[in-house]
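Inspection log for the structure reproduced underneath, given as structure tokens.
What you see below is based on every heavy atom in this structure, not just the backbone, and it leaves out hydrogens, waters and symmetry mates. Counting begins at 1 with the first residue of the sequence.
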Amino acid sequence: MAIPPAWLLGCYAIVLLGVAWKAGFAFVLGVLVLGAIPAVLLVNIYAEELAPLTGLVPKSSLDEVKRLARKEEREMYVQLTSEKGGESAEWLNLLLQQMWPHIAEFGEKTITDMEETINAKANIPGGIRFTKCSLGKEPIRFGPIKPRVVPSYYGDEYLEEGGVELQIGLSYHSDVEIMLATKFASVGVAALDIAGTLSVLFAPLISEAPFFGGLQILFTNPPKVDLDFKGIGNLADVPGIYSTVRKLIDDAIAGILVTPHRIAKQVSLDHKVDLARLKCPPPEGVLGIRVVRAENLAGKDLSIVGSPTSDPYVTVKVGSDVFKTPTIAKDCNPVWDKDNSHEFMIYSSEQCAQIDIFDWDRIGTDDPLGSLNNIPVRELRATAGQGPQPWKLHPRGPKDEAPPEDARVYLDVNWSWLTQPLDGNTSANTSKFVLAFKIDECVGLPITGLGGPFTVRLKVRAAGSDTVSTKQSAPGWSKWSSTLTPATLDTIRMLHSNGCSSKVIAESMEFGEDLIENFVQNGSSQSSEQWLLKLGEDCGERESNCNPQFEEVLLVQLPTREVVAEVELVSDPKKRSGMKAPAEVVARFEVALGSQEVTEGPFALRLPDGAPAAVAELLHHGPQLHGNFTLWRLSDAAPAPSDQQQAIRRRVSAGAPAAEVPRSRSRMPFTPFAPSKALQKPKDMLMGGFNSALNFGKSKAQIVSSALGSSSK
């Protein structure tokens, strides 16, 4: 019977201690040194058997473990970066978990500090107050992360590998509790669930720091959002009301962060990086979906005579665009023959379509009859041109009843690529077109009197047709950047003490007269920081009136190339408290399109018909709108690649190593959004606008001399 090596080592240690005790402690060190030699030999001989005791492993075993670990890591990386995977973000989740108490404390304080602002704008009798504000203990979780190379635009160049996109899974299952109370009732949120994939794009890639021109944040597909209400908000949990509230929430998110909407920031001064193109990139193409019919749907409505029936209708949602068919009464095999098609602009191959069939009910929530859940656009595109195709229906959610096994919906799909129009051919109307109206800014508007902020509305009248397509921009914003300091307040006090009136000070320093008068009379009632904040807001509002920035692109599909575009500048006084509401349309212009691919601005703004004399007086400086129109053609054939792209593809197919294949940086076959000639300078609006700040600083330098000159007179 073999003696275990651990017993041998233990007996050897006891013998050594006995010898050291008998001979005296003077010999302990020598005994240990002499005894260590055979002990090391013993440990090396029986290394694997003694590993649980000593914690030592042979080098060969360690190398084998490392080899297996590297192999497993490679396999895991391949799995995570595959089509359905992604890289882990546990390091970020651990960081957020540790920081969440501090983040929550900051967020809760920020929310409660909004109480005064809400009361000032809401004008609710008795006001409102936060009775409870907690962001909960559960932090936001991220992951997996899927990186991919995406095309981008740099000036008039198309870069096949011009940017990097990070697709980041986002999950937030929070026990948040926020309660708002008034004199009459209280309402609040008791739980919040958000799940989706957030896309962060770094594009275009450039050769100057920070090496990417812009940053875009968006949801390629709508996230799933669920709320649990408290107080009077519990009424929102009633089935009929719940669906309405959910739709309002989904629409609010879609209008901000779901394709094509996004948060876009320009981070480079490079004039070839266009903020409008970052905010509104051109689509890849147009996906047409025609709902033809459905069969074998479940009957949800009881019938006195015969079997149960349903009143079906279909909704199709791609990104933030939603389409709904008419309702077919009492038919489980409905056929749609009118108002049953819609064309969706597709911006990414990662987009999905959500197709649902509902039974319309006069009272209560419409019953789901079956769905196609998150069908990738690429799968729908693969059936383009093949006529109506059957698609098997599935439950809309885990709690919904499964549709009959043979329930189907028939879809007729068409796909069109965005390509260059036929240059010089204005008579052929062989295909549909897309009109892109790029809006940069308005100049020459009065500082006050028109009731900004403004939006731009585009109406398109096709030749020989009464059809009018309308698109409206987001409100214009100010490129003004704060250069105010406490010295600004000292200047106002000094001018007032020298006898300058509030009107003279306001005109000299480009502030509102009422605000200057309020500061002169009640300057000590608030801190300097609060007054500087008010002055800054006043400057921003005044500049958004006289020089509103849009940096946006409006897209309209056209049935023909020959069109007349009517553009209106619309005031939005509802967004400004205390402003008199002038005429809604304050200026306009028309332009005939179709004779050329790009129609360049600026465009002179004219008075609308029946404009009041007061508006005519305000527009006597000749305001202009900077921007341009670009026409694209929709074609069934994909755009032909450039010679360089074809050469790259031939080398790849021939097996050329990746390192030998040059990066594709080819000139675009057409300019998607031609940059306005009037704006071929570094963007003023970047980070507040350096040029604006310099001009504003110069005007401040002239304040004292001009104002004191008026005072001395």
Side-chain angles (χ1 to χ4, degrees), residues 113-121 123 127 443-453 476-549 573 575-580 582 614 617-621 623 684-685 687-713:
D113 288 346
M114 294 169 58
E115 186 175 302
E116 181 179 349
T117 304
I118 295 175
N119 282 320
K121 294 185 177 181
N123 196 22
V443 298
L445 296 174
I447 293 179
T448 59
L450 292 185
W477 44 276
S478 170
K479 66 184 179 183
W480 181 84
S481 177
S482 176
T483 56
L484 304 178
T485 65
T488 306
L489 303 180
D490 295 337
T491 302
I492 297 175
R493 295 188 185 98
M494 183 266 293
L495 294 174
H496 176 67
S497 63
N498 287 338
C500 293
S501 66
S502 298
K503 182 177 181 180
V504 171
I505 299 175
E507 291 179 354
S508 301
M509 301 188 69
E510 300 178 357
F511 292 128
E513 182 179 351
D514 293 341
L515 183 60
I516 294 297
E517 182 66 26
N518 188 16
F519 173 74
V520 169
Q521 300 295 331
N522 308 299
S524 60
S525 62
Q526 299 185 48
S527 64
S528 298
E529 290 78 9
Q530 291 174 317
W531 281 113
L532 290 174
L533 181 62
K534 289 184 176 182
L535 291 173
E537 291 176 350
D538 179 76
C539 289
E541 289 180 359
R542 290 164 66 83
E543 181 146 339
S544 67
N545 284 344
C546 64
N547 183 210
Q549 307 293 309
K575 295 183 180 293
R576 293 276 298 275
S577 59
M579 295 292 297
K580 294 182 179 179
E617 178 65 24
L618 292 171
L619 295 180
H620 71 281
H621 292 295
D684 289 345
M685 63 288 303
M687 293 180 291
F690 297 109
N691 293 341
S692 176
L694 291 175
N695 293 335
F696 195 79
K698 291 178 182 178
S699 66
K700 297 301 181 189
Q702 300 167 356
I703 290 171
V704 177
S705 59
S706 63
L708 288 179
S710 302
S711 176
S712 60
K713 292 179 183 179

So, Ser508 side chain and Ile505 main chain: donor-acceptor pair closer than 3.5 Å or not?
no
Please report the C-alpha distance between Ile492 and Trp531 in whole Å, then the side-chain angles of each, then the deciding distance to 0.1 Å, and finally whether the side chain to side chain contact (heavy atoms under 4.5 Å, CB included) criterion is met.
CA-CA 12 Å; Ile492 297 175; Trp531 281 113; over 6 Å; no
Which pair of heavy atoms, one from Leu515 and one from Lys534, lies closest together, and at what distance?
CD2-O, 3.8 Å
Can you tell me how far CG of Asn522 sits from CD of Glu517, rounded to the nearest 0.5 angstrom?
9.0 Å
Contact summary for Pro486 and Leu532, nearest pair of heavy atoms
N-CD1, 3.9 Å
Out of the candidates Leu489, Thr488, Leu495, only one should pair with Thr491 under the side chain to side chain contact (heavy atoms under 4.5 Å, CB included) rule; please name it.
Leu495
Side chains of Ile516 and Val520: does their closest heavy-atom pair fall under 4.5 Å?
yes
